[in-house]
Amino acid sequence: MTAGGLQHRQVALVDLLDRLLAGGVVITGDLTLRIADVDLVRIDLNALISSVGDQVPAPWPEER
């Protein structure tokens, strides 16, 4: 154990992505391109990333 009480552990990228997608991830951000205090471009990002399976219903109706 380290002095802070946490163990140093290496995690593979695949394992990290599997954990994130199992629980879902919300990504938010703002990007503004500004020249001479004039906003030229503004981009707002809101994204939800999650895995979909048989136990998780789709948010849209199924077509038959």
Side-chain angles (χ1 to χ4, degrees):
M1 292 201 129
T2 62
L6 298 176
Q7 293 180 353
H8 179 70
R9 191 173 90 176
Q10 293 183 354
V11 178
L13 182 59
V14 173
D15 294 333
L16 179 63
L17 287 175
D18 184 45
R19 287 183 183 186
L20 290 175
L21 290 177
V25 178
V26 176
I27 301 173
T28 60
D30 297 320
L31 175 68
T32 304
L33 177 61
R34 176 184 290 184
I35 297 178
D37 289 333
V38 176
D39 292 347
L40 299 177
V41 177
R42 180 178 174 152
I43 299 172
D44 294 328
L45 171 68
N46 295 308
L48 171 64
I49 301 173
S50 178
S51 62
V52 177
D54 293 335
Q55 297 177 354
V56 179
W60 50 86
E62 292 184 23
E63 296 180 15
R64 294 196 184 242

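What's counted below: heavy atoms across the whole structure, side chains too, no hydrogens, waters or symmetry copies.
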> side chain to side chain donor-acceptor pair (under 3.5 Å) with Asn46: which residues, sequence neighbours excluded?
Replying inline: none

> Between CG of Leu45 and CG of Asp30, what distance do you get to the nearest 0.5 Å?
Replying inline: 8.5 Å

>> For residues Leu48 and Ile43: do they belong to one hydrophobic cluster (side chain heavy atoms under 4.5 Å, members Ile, Leu, Val, Met, Phe, Trp, Tyr)?
In response: no

>> Counting C-beta onward and ignoring hydrogens, is there a side-chain heavy-atom pair between Val38 and Leu40 closer than 4.5 Å?
In response: yes

